[in-house]
Amino acid sequence: MSKPSIPQGTRDFSAETVQKRNYILNTIRTVFELYGFQPLETPAMEKLETLMGKYGEEGDKLIFKILNNGLAEPQNADKAKAGFDKLLQGKNTADLTERALKYDLTIPFARYVAMNHGQLTFPFKRYQIQPVWRADKPQRGRYREFTQCDADVVGSNALVNEVELAFIYHTVFTKLGLKDYTLKINSRKLLAALAELCGGTDKMMDITMAIDKLDKIGLEKVKAELEQRGLTAAQIERIETYLAISGNNDARLTALEKLFEGNDIAAKGIEELRTVAGRTKNINLQIDLTLARGLNYYTGVIFEVKGPEQVKMGSIGGGGRYDDLTGLFGVPDIPGVGISFGVDRIYDVIEELGLFPAELQLGSKALFFNLGEAESQLAFEQMQLLRDAGVACEMFHEQAKMDKQFKYADKKNIPYVIIIGEREAGEKKAMLKELKTGKQEAVAFDELAAYLQLRNTKTTK
RNA sequence: GUAGUCGUAGCUCAGUUGGUUAGAGCAUCAGAUUGUGAUUCUGAGGGUCGGGGGUUCGAGCCCCCUCGAUUACCCCA
């Protein structure tokens, strides 16, 4: 048997990692709830048909499909073989797979809303924190299993939702100490208007995909790509004018108005941006006209969050407005807007910048030394009293040299050791030593809990 | 999915044009001391060199396949 291992792009999380992740997750959850969002959880797997076709052609390829059970049964074998032939021709087939791991949280949410719209109170605000799976090739900041944190509100066209979501981003990242993030905003309506002016709406995907790369490959290469995608010189020039728009948010909006004069879609997009930007003046929100976002269901304002420049992590969150997501599931006219946090990338960024609070890593507060049969029984009694008082503690599992017990406490990051030997037992006192300072003092048994609780103030927020 | 780099002890790494029984430091464990983490001393364990196949008298080293890590592209959180 080969050495045990885990699938590509997946990870085990040690105690320390879990604690750090929980710190991030709890921060996000708290803010979501502060803004009136309520939790929802959906299954790890969905029916394949629920997911297929929702993320574009590339997205379909990245969905993890689950092989049907019972393919080897005689009554299924012929179907399975036929299905396999179809699969080799690039067609998906329910004969082989009809379930898949969820690819994001938004589509399952839309499926849920479509299934339950009769019972829900609109506007419906939900948040969701769950793992999702993508058959992507792993890279820095890219995993095959990762956690998303989404907040969406459906059943409302009001732009105040966009404003609130922008504030959620700001609040979460501020609480996490990640001050240097950038929140970018754009409107799909502007991109649609641009496409209208440059060869028709069917060119929208070509145009957005090309200009999305501007900061990465530069203007000349973007122009080359546009040319390759079949745009004329005049159209490319127009796009260049659009891309050249710069300055602060107000200046950009003014320039846009001039460029798109008389275009109704653009006028709406500009109005959206003006409203959202106008109501978020005290947080750092930048209108970025090259922002496009890959997912094709967005129709209005779109968001994207980038980590601090120095960590080179790319997007750590994103979202936007969609007019008709549930329409995909036969329930039209429920518009919505949502955002997502990429927890795993946020973790990597915070870790790299050393921004995790130091006091996160506490396990036990104190270690009771085991100095022998009689001593350890007395120590056990004292330990249970501490536990009753809410102080996390443990005792060394067997009698051993003090040297060894000290090292154990050190390695497990336990800040205090409690020594109860013959001497202490007689005086009804425990020797309490703080490892970091090396200081120790004798504390009466009935004062132990209070003594340690006093030094327990920074574990909660 | 395409292409490049890499994979030797728990960790960080040596390992000569292919040549005997694959090494070091740190860590671990045991012993000396024995009611305060140190230091020191003595000793020990630990590797099918990521896995499989091939070339060769002989492979950690060369070739092929595969798994994993990493980087770029594609796409994306």
Side-chain angles (χ1 to χ4, degrees), chain A residues 1-11 24 28 55-63 90 102-106 129-150 169 181 205 208-210 212-213 216-217 221 225 292-296 303-307 312-320 338-349 367 369-372 375 396 399-412 414-426 430-442:
Chain A
M1 198 173 134
S2 57
K3 285 182 187 171
S5 61
I6 54 176
Q8 186 181 29
T10 65
R11 296 151 297 159
I24 298 173
I28 295 172
Y55 308 107
E57 225 172 283
E58 287 297 321
D60 284 353
K61 287 187 201 161
L62 300 180
I63 295 172
K102 66 180 169 220
Y103 179 89
D104 72 354
L105 301 179
T106 307
I129 299 179
Q130 290 192 270
V132 300
W133 293 267
R134 295 185 188 178
D136 224 334
K137 187 147 185 175
Q139 256 176 62
R140 172 184 166 84
R142 180 181 296 194
Y143 309 97
R144 289 187 145 183
E145 177 183 64
F146 62 98
T147 301
Q148 284 194 331
C149 301
D150 278 26
Y169 270 137
Y181 78 97
M205 280 308 281
T208 55
M209 282 176 76
D212 196 29
K213 298 178 193 164
K216 211 170 179 181
I217 62 177
K221 284 188 176 168
E225 186 160 338
R293 309 245 346 124
L295 295 170
N296 48 21
F303 297 104
E304 184 156 306
V305 185
K306 290 238 158 105
K312 276 190 75 184
M313 185 53 81
S315 175
I316 57 175
I339 57 169
S340 181
F341 288 85
V343 183
D344 302 82
R345 287 189 178 176
I346 293 171
Y347 180 101
D348 290 345
V349 169
L367 176 73
F369 272 18
N370 189 328
L371 298 177
E375 292 91 334
F396 199 77
Q399 184 178 0
K401 293 191 290 191
M402 295 185 90
D403 171 76
K404 195 169 172 179
Q405 305 196 42
F406 270 119
K407 278 187 176 167
Y408 176 83
D410 206 29
K411 274 191 187 166
K412 289 197 72 176
I414 299 174
Y416 294 94
V417 301
I418 296 172
I419 302 169
I420 300 177
E422 251 178 272
R423 273 202 314 255
E424 289 80 6
M431 195 57 80
L432 184 81
K433 178 163 181 170
E434 183 177 13
L435 292 185
K436 207 167 82 182
T437 58
K439 284 182 188 162
Q440 64 176 34
E441 57 184 302

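Computation of the quantities below employed the complete heavy-atom set of this structure, encompassing side-chain atoms and omitting hydrogens, waters and symmetry-equivalent molecules. Here is the naming used below: chain letters follow the sequence lines, and residue numbers restart at 1 for every chain.
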To the nearest Å, how far apart are [X] [atom1] and [N] [atom2]?
X	N	atom1	atom2	result
Phe369(A)	rU34(B)	CZ	C1'	13 Å
Asp104(A)	rA77(B)	CG	P	8 Å
Leu105(A)	rC76(B)	CG	C1'	15 Å
Gln405(A)	rA38(B)	CD	P	13 Å
Ile28(A)	rA77(B)	CD1	P	15 Å
Met209(A)	rC76(B)	CE	C1'	11 Å
Asn370(A)	rG35(B)	CG	C1'	14 Å
Arg144(A)	rC67(B)	CZ	P	10 Å

In whole Å, what separates the [atom1] atom of [N] from that of [M]?
N	M	atom1	answer
rA24(B)	rG45(B)	P	13 Å
rG10(B)	rC63(B)	C1'	33 Å
rG60(B)	rU17(B)	C1'	16 Å
rU5(B)	rU48(B)	P	27 Å
rG58(B)	rG18(B)	C1'	8 Å
rG23(B)	rG15(B)	P	15 Å
rG50(B)	rU8(B)	P	6 Å

For the student: nearest non-hydrogen atoms of [X] and [Y], plus distance:
X	Y	value
Ile420(A)	Ala425(A)	CG2-N, 4.5 Å
Phe341(A)	Ile346(A)	CD2-CD1, 3.9 Å
Asp212(A)	Ala292(A)	OD1-N, 3.6 Å

Side chain Glu145(A), main chain Arg11(A), donor-acceptor under 3.5 Å | no
Is a donor on one side and an acceptor on the other found under 3.5 Å between the side chain of Arg345(A) and the backbone of Gly317(A)?
-> no
Regarding [X], tell me which of base, sugar-phosphate or nothing describes its non-hydrogen contacts under 4.0 Å with the strands shown.
X	value
Lys306(A)	nothing
Glu424(A)	base
Gly421(A)	base
Leu371(A)	nothing
Ile419(A)	base
Lys404(A)	sugar-phosphate
Gly319(A)	nothing
Ser315(A)	sugar-phosphate
Met313(A)	nothing

Measuring from [X]:[atom1] to [Y]:[atom2], what's the distance to the nearest 0.5 Å?
X	Y	atom1	atom2	result
Lys401(A)	Leu371(A)	NZ	CG	14.0 Å
Glu424(A)	Ile418(A)	CD	CD1	11.5 Å
Met313(A)	Asp344(A)	CE	CG	10.0 Å
Asp150(A)	Thr106(A)	CG	OG1	4.5 Å

Whichever of Gln148(A) and Lys407(A) has the more 5' nearest nucleotide on RNA chain B, that residue is Lys407(A)
Residue mapping more 5' on RNA chain B - nearest nucleotide basis, Gly342(A) or Gly438(A) = Gly438(A)
Single hit among Asp348(A), Thr10(A), Asp136(A) for side chain to side chain donor-acceptor pair (under 3.5 Å) with Tyr143(A) = Asp348(A)
Would you say the base of rG35(B) and the side-chain of Gln440(A) have a donor-acceptor pair closer than 3.5 Å?
-> no
Polar side-chain contact Lys401(A)-rU34(B) base: donor and acceptor under 3.5 Å = no
Take Ile63(A) and Tyr55(A), measure what side chain to side chain contact (heavy atoms under 4.5 Å, CB included) needs, and give me the verdict at the end.
-> CA-CA 9 Å; Ile63(A) 295 172; Tyr55(A) 308 107; 4.2 Å; yes
Of the candidates rG37(B), rA77(B), rC75(B), the side chain of Asp410(A) sits closest to rG37(B)
Is Phe146(A) stacked on the base of rA77(B) when the test is centres under 5.5 angstrom and planes under 30 degrees?
-> yes
Please list, pair by pair, any protein nitrogen or oxygen found under 3.5 Å from a nitrogen or oxygen in nucleotides 70-73 of chain B.
residue: rU71(B); atom: OP2; partner: Arg140(A); partner atom: N; Å: 2.8
residue: rC73(B); atom: N4; partner: Gln139(A); partner atom: NE2; Å: 3.1

Around Lys221(A), counting heavy atoms of other residues, nucleotides and ligands shown, do more than 12 lie under 6.0 Å from its NZ?
-> no
In what stems does RNA chain B take part, counting only runs of at least 3 consecutive Watson-Crick or G-U pairs whose two distances fall under 3.5 Å?
-> B:1-7 with B:67-73, B:10-13 with B:23-26, B:28-32 with B:40-44, B:50-54 with B:62-66
